[in-house]
Visitor: 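Provided herewith is a single structure, encoded as structure tokens, for subsequent inquiry.
Below, read A as the first sequence line, B as the second, and so on, with proteins coming before strands; counting in each chain starts at 1. Quick caveat, the model's predicted, so the values are computed rather than measured.
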2 protein chains.
Amino acid sequence: MLAYSRCMADLFKALADSTRRIIMDELAQRDGQTLFEICGRLAMIHELAMSRQAVSQHLAVLEEAGLVISRREGRYKLHHLDTAPLREIAERWPQTHTNDQGTNQ
Amino acid sequence: MLAYSRCMADLFKALADSTRRIIMDELAQRDGQTLFEICGRLAMIHELAMSRQAVSQHLAVLEEAGLVISRREGRYKLHHLDTAPLREIAERWPQTHTNDQGTNQ
DNA sequence: AGAATAGGCAAGCATCCACTTGCCTGTCAA
DNA sequence: TTGACAGGCAAGTGGATGCTTGCCTATTCT
């Protein structure tokens, strides 16, 4: 029905890597970045020195999971975040009543 | 501050495996199961023939992530689900405005 | 006490996955 | 048109991880 939900496995697998989660943070903060921009900001801001190809593969995984959507713009490829698939997570497991909210003991 | 949030990496790593997600489904449906019960229901309902030790290791990962809490009861160890850590996911990435909701084209 | 039941510890193995390296394609500016 | 820039494809590698196997501890029932 929806384009982004190929299967839930892809979603969780995409979220499993910390670098990919940081890339999602980056895109949440500044939308429509190119591969090179993301590479640069990972290195600068997050001190993640990583080959361009590694980041490209991460973006492919995120896109496969529907968490990132990309569009070509000339020789640039702009990426932006889509958090819609995340809603499936909250919907899958009903909220549990843990009473360690107020009782700090 | 909270016992369950050792770090976010554990949470996502725990969710990354499909067997663990099914275990969570099982616990969501019937709370307080023992290791042997979970083994049995994985085999019966989900047709997942798997050694007891494998399930035990999965439960350990889920517990490490704070998604499962266990308590000893004699020679039994009862497990129950805690979905509270899942809230961190939704909170981390703000909701994006994707307009491919109605436009099915 | 002794057998049965519920679970734990640790080593070994096979697969998966993140990352690199090398080379290729496509787009833009001088 | 040629070089610089943005990105893609594919093979190789080291480390993480899911699962098994074998043995051990603790609790309960007869």
Visitor: Is the phosphate of C/dA6, meaning OP1 or OP2, less than 4.0 Å from a side-chain N or O of B/Thr34?
Guide: no

Visitor: Can you check the A/Leu35 CG to C/dT27 P distance for me, whole Å?
Guide: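 The distance from CG of A/Leu35 to P of C/dT27 comes to 17 Å, rounded to the nearest Å.
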
Visitor: Is any side-chain N or O of A/Lys77 closer than 4.0 Å to OP1 or OP2 of C/dG26?
Guide: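 Answer no for this pair, as no side-chain N or O of A/Lys77 is under 4.0 Å from OP1 or OP2.
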
Visitor: For B/Ser56, report the nucleic acid contact type (base, sugar-phosphate, nothing); a contact means any heavy atom under 4.0 Å.
Guide: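 Contact class for B/Ser56: sugar-phosphate only.
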
Visitor: Starting from the 5' end of DNA chain C, give me the residue, B/Gln57 or A/Ser51, whose nearest nucleotide shows up first.
Guide: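 Whichever sits nearer the 5' end wins; that is B/Gln57.
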
Visitor: Write down the distance between CZ (A/Phe12) and P (C/dC17), rounded to a whole number of angstrom.
Guide: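 Atom CZ in A/Phe12 sits about 16 Å away from atom P in C/dC17.
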
Visitor: Using only side-chain N and O atoms of A/Thr19, determine if any of them is under 4.0 Å from OP1 or OP2 of C/dC19.
Guide: yes

Visitor: Can you tell me how far P of C/dC16 sits from NZ of B/Lys13, to the nearest Å?
Guide: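 In whole Å, C/dC16 P and B/Lys13 NZ are 18 Å from each other.
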
Visitor: Has the side chain of B/Arg72 got a donor or acceptor atom that lies under 3.5 Å from a matching backbone atom of B/Lys77?
Guide: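 Answer holds: no.
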
Visitor: Specify the residue among B/Arg72 and A/Asp17 whose closest nucleotide of DNA chain C lies further upstream toward the 5′ end.
Guide: B/Arg72

Visitor: Of all the choices, C/dG7, C/dC19, D/dT20, which nucleotide is nearest to the side chain of B/Phe36 once you look at every atom?
Guide: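 Looking only at heavy atoms from C-beta outward on B/Phe36, the closest nucleotide is C/dG7.
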
Visitor: Rounding to a whole Å, what distance do you find between A/Ile22:CD1 and C/dC19:P?
Guide: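 Those two atoms, CD1 and P, are 10 Å apart.
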
Visitor: Look at the side-chain heavy atoms of Ile, Leu, Val, Met, Phe, Trp and Tyr, link any pair under 4.5 Å apart, and say whether A/Val61 and A/Leu67 land in one connected group.
Guide: no

Visitor: Taking A/Met8's backbone N and O only, do any of them form a donor-acceptor pair with B/Arg21's side chain (distance below 3.5 Å, no angle check)?
Guide: no

Visitor: Would you say A/His79's side chain and A/Gln33's backbone share a donor-acceptor pair under 3.5 angstrom?
Guide: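 It does hold such a pair.
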
Visitor: Could you give the CG-to-P distance, from B/Leu78 to C/dA6, as a whole number of Å?
Guide: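 So the CG-P distance, B/Leu78 to C/dA6, works out to 12 Å.
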
Visitor: Rounding to an integer number of Å, can you tell me how far A/Ile38 CD1 sits from D/dA6 P?
Guide: 13 Å

Visitor: Expressed as a whole number of angstroms, how long is the span from B/Gln33:CD to C/dG7:P?
Guide: 11 Å

Visitor: Return the OH to CD distance between B/Tyr76 and B/Glu37, rounded to the nearest 0.5 Å.
Guide: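 The distance works out to 9.0 Å.
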
Visitor: Can you find a side chain N or O atom of B/Arg52 that sits less than 4.0 Å from OP1 or OP2 on D/dT20?
Guide: no

Visitor: Using a distance-only criterion (donor-acceptor N/O pair, under 3.5 Å, no hydrogens), is the base of D/dT28 paired with the side chain of B/Arg75?
Guide: no

Visitor: Whole Å only: how far is the NE2 atom of A/His58 from the P atom of D/dG8?
Guide: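 Value for this atom pair: 15 Å.
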
